[in-house]
Undergrad: 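Take this structure first; my questions come after.
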Amino acid sequence: MVKHVGLAFVVLAVLSGVPVTATSAPAPAASAPSQPAPAYDIVLRGGTIYDGSGKPGVKGDVAIRGERIVYVGPRAPGKAKTVIDATGMAIAPGFINMLSWGIESLIADGRGLSELKQGVTLQVFGEGESMGPLTPAMKADMVRRQSDLRYSVEWTSLGEYLDWLAKRGVSQNIASYVGAATVRTNVLGEGDVDPDAAQLARMRALVAAEMRQGALGVGSSLIYAPASYAETPELVALVEEAARCDGGYISHMRSEGDRLLEAIDELISIARATGARAEIYHFKQAGRDNWHKIDAAIARVEAARREGLKITANMYPYDIAGTGLDAAMPTWVQSGGLEAWIEQLRKPEIRARVIAEMKAPGVGWENMYRAAGGAGGMIAVGFKNEKLKPLSGKTIAQIAAMRGTSPEDTIIDLVIEDGSRVGTLYRLMDEKNVARATSLPWMSFGSDAGAQAPEGAFLKSRPHPRAYGTFARVLGKYSRDEGRLSLAEAVRRMSALPAANLALRERGSLKPGYYADVVVFDPKTIADRATVENPWALATGVRDVFVNGTAALRDGEPTQVRPGQVVRGQGWTGWPGGGACKPAK
């Protein structure tokens, strides 16, 4: 018994670092006591923690080990390999961009600097079009229609694209909806046709396959051809496949202006018919004649939510929109795709008919030309043709005056000469409505832009300032400066809210066990700087960004590592148990 007590004492003493002398053998040479391994890789110390819940911030520490958060509280016990002083800073979950067009820009530059500098850690793609599933003809079109950014198409499915992009290296996480227009084009082409039963079954199967590869759901963009050719039952069929895998439906609705309320009704009806979560892309009231509809639009969403439907929205916090000149022309002329559209515009009789319809309220299509108040409210910003690039930044009215042609003829000529839809800004929204929308509790945010950098090929076209400013603008202008929402609430609506809407696993909050997507920023200085005149100005105030536990931005500068991963939807077959997809009925 004494021997065991003595042995226990020796073990305890050794573990405690106390020297032990043995009487039966010579003492070993003295050595330094062993030190316990650090408990954490990184501790963010002494900042104000906004955990994503919307509760007021509290001072404390956030500790990271590997890819995960392991401690959130007043003082992390134990040691860390790296301690980062966050005194005076806010510590928050990384921000989720609900509408990113980084699908090409991240191929060219995986840093995504314009949004990394705002604290974005997840880019969500898929507004109507997605990078798969593709046919050989779609791949050829994709290469032929490229502009400033050039790349080879080395994938077929959306899931393959996401894996390919992550393997190339991206600073932020990536995820995507499967585009309803992409699925439609895969089976039907780009014409104004309806699917028969067999074709619709093929379209459903494509959605089901992408859901099992990790797509988040189905996305639509219903003011643009060929997406606009889809009728509601077609959309319901595709969303049913997503809903079987706990996926959602997200939509640039059929109208954001003259038929705004009817478009909201359609989205709600799709959610009701399928049981899917549904979200409105870039919630707005486009065109002065429609600004008054904000009350009715909000009321429709909130009535559906009271009914128990999971209806949400996202927005970019600007009163100017960005799209192409295709939004200024009827969709019937765009049937068959870009090349067919341009060929149609060359025909005098077609041109005359298009011009007549441009001048009138859109019937069955969204006339952004009229909604912007005409050519003076439209700014050309993105050309493919090098000879036209000097026109970037000028209004369509200015270009028309320079050329001595009517605004309508000028718009048509630019599309033909450029061989593209021509990137264009449209002055559409009321700033009072924009500010009000930021305060809605079911509103998250999306840049509706590529993740880029103010250098190289990105300087060849002028982005919308939202590419560089969306998230910083919410935190600075609308939260801190105007008090439209508290800082804690702004963080919630950039992190935990969109994570829940996307049904993400273990992301969007500062909780032990969650992935360590974390942003450290100065709430006193965070601000957007990009403007229409200087759209490449990087935001200020974000100091550090960690993605999956690795620093992608430190002291305001991007690091050399690319820790971004593919974030999968619930239907992914790689989840334990094989994913959430239910058998088809």
Side-chain angles (χ1 to χ4, degrees), residues 50-55 92-93 95-100 122 124 126-127 175 177 216-220 239 242-243 246-253 256 260-261 263-272 274-286 293-318 429-430 432-448 470-471 473-475 478-479 482-504 507-509:
Y50 297 88
D51 63 7
S53 67
K55 296 177 181 177
F95 304 142
I96 296 174
N97 183 352
M98 282 295 294
L99 176 47
S100 169
L122 173 59
V124 181
E127 186 201 353
Y177 289 84
L216 300 172
V218 170
S220 68
V239 176
D246 196 22
Y249 174 58
I250 190 166
S251 181
H252 181 143
M253 300 182 301
E256 297 171 331
L260 169 64
L261 303 182
I264 294 175
D265 288 342
E266 181 186 34
L267 177 133
I268 291 171
S269 74
I270 292 171
R272 187 180 291 116
T274 63
R277 299 177 301 278
E279 177 145 353
I280 299 168
Y281 273 130
H282 33 64
F283 185 89
K284 65 167 74 80
Q285 303 77 44
K293 295 179 180 178
I294 186 170
D295 290 331
I298 292 171
R300 270 171 162 76
V301 172
E302 294 187 340
R305 288 170 61 83
R306 287 193 298 272
E307 180 186 330
L309 299 177
K310 296 177 180 178
I311 309 295
T312 51
N314 61 67
M315 65 178 292
Y316 50 83
Y318 296 85
M429 287 85 79
D430 177 22
K432 292 180 181 178
N433 285 356
V434 172
R436 181 179 172 191
T438 64
S439 68
L440 296 170
W442 35 265
M443 186 69 65
S444 57
F445 301 93
S447 69
D448 198 5
T470 291
F471 300 88
R473 187 173 178 85
V474 172
L475 292 167
Y478 291 107
S479 176
E482 297 187 8
R484 298 284 179 175
L485 66 171
S486 69
L487 179 56
E489 177 65 3
V491 167
R492 181 186 76 86
R493 294 213 262 110
M494 294 182 181
S495 56
L497 175 65
N501 295 343
L502 297 168
L504 302 185
R507 294 189 188 271
S509 299

Undergrad: Which distance, rounded to the nearest 0.5 Å, do you find between the CD1 of I280 and the CE of M315?
TA: 12.0 Å
Undergrad: When rounded to the nearest 0.5 angstrom, what distance separates CD1 in I298 from CD in Q285?
TA: 7.0 Å
Undergrad: Please report the closest heavy-atom contact between S479 and S486, naming both atoms and the distance.
TA: OG-C, 3.5 Å
Undergrad: Can you confirm whether V124 sits close enough to Y177 that some side-chain heavy atom of one is under 4.5 Å from a side-chain heavy atom of the other?
TA: yes
Undergrad: Identify the heavy atoms of V239 and A276 that sit nearest to each other, and give their distance.
TA: CG1-CB, 3.7 Å
Undergrad: Quick one: closest heavy-atom pair of P498 and M98, and the distance?
TA: CB-SD, 3.7 Å
Undergrad: Minimum heavy-atom separation for D265 and R300, please, with both atom names.
TA: OD1-NE, 2.9 Å
Undergrad: How close do A92 and V491 get, heavy atom to heavy atom, and via which atoms?
TA: CB-CG1, 3.8 Å
Undergrad: Rounded to the nearest 0.5 Å, what separation is found between the CZ atom of R493 and the OG1 atom of T312?
TA: 11.5 Å
Undergrad: With a 4.0 Å cut-off, would you call R492 and E489 a salt bridge?
TA: yes
Undergrad: Which heavy atom in G52 sits nearest to a heavy atom in A496, and how many Å separate them?
TA: O-CB, 3.1 Å
Undergrad: Give, for atom CG of N433 and atom NZ of K293, the distance between the pair rounded to the nearest 0.5 Å.
TA: 12.5 Å
Undergrad: Is the shortest side-chain heavy-atom distance between V474 and R484 below 4.5 Å?
TA: no
Undergrad: Could you check if a side-chain atom of I96 sits within less than 4.5 angstrom of a side-chain atom of R507, using non-hydrogen atoms only?
TA: no
Undergrad: Compare all side-chain heavy atoms of M443 with those of T438 and state whether any distance is below 4.5 angstrom.
TA: no
Undergrad: Does a salt bridge link K310 with E279, judged by any charged N lying under 4.0 Å from a carboxylate O?
TA: no
Undergrad: When you measure from the side chain of R277 to the backbone N and O of D246, does any donor-acceptor pair fall under 3.5 Å?
TA: yes
Undergrad: Kindly compute the distance separating CZ (F445) from OH (Y316), expressed to the nearest 0.5 Å.
TA: 13.5 Å
Undergrad: Think R473 forms a cation-pi with Y478, using NZ or CZ under 6.0 Å from the six-ring centre and within 45 degrees of its axis?
TA: no
Undergrad: Is there side-chain contact between P317 and T470, with heavy atoms separated by less than 4.5 Å?
TA: yes
Undergrad: I'd like to know whether L504 forms a side chain to side chain contact (heavy atoms under 4.5 Å, CB included) with L216, so could you lay out the CA-CA distance, the side-chain angles of the two residues, the decisive distance to 0.1 Å, and finally the verdict.
TA: CA-CA 9 Å; L504 302 185; L216 300 172; 4.1 Å; yes
Undergrad: Looking at D430 and K284, does any basic side-chain N land under 4.0 Å from a carboxylate oxygen?
TA: no
Undergrad: Donor-acceptor pair, distance only, cut-off 3.5 Å: does the side chain of S100 make one with the backbone of N97?
TA: no
Undergrad: Taking atom types as modelled and ignoring hydrogens, do the side chains of S220 and S251 form a donor-acceptor contact shorter than 3.5 angstrom?
TA: yes
Undergrad: Any side-chain heavy atom of E256 sitting closer than 4.5 Å to one from Y281?
TA: no
Undergrad: When the ring planes of W442 and F283 are compared, do they come out parallel, tilted or perpendicular, using 30° and 60° as the limits?
TA: perpendicular
Undergrad: Under the 3.5 angstrom rule, does the side chain of N314 hit a backbone N or O of H282 as a donor-acceptor pair?
TA: yes
Undergrad: How many angstroms lie between atom CD of E302 and atom CD1 of I311, to the nearest 0.5 angstrom?
TA: 12.5 Å
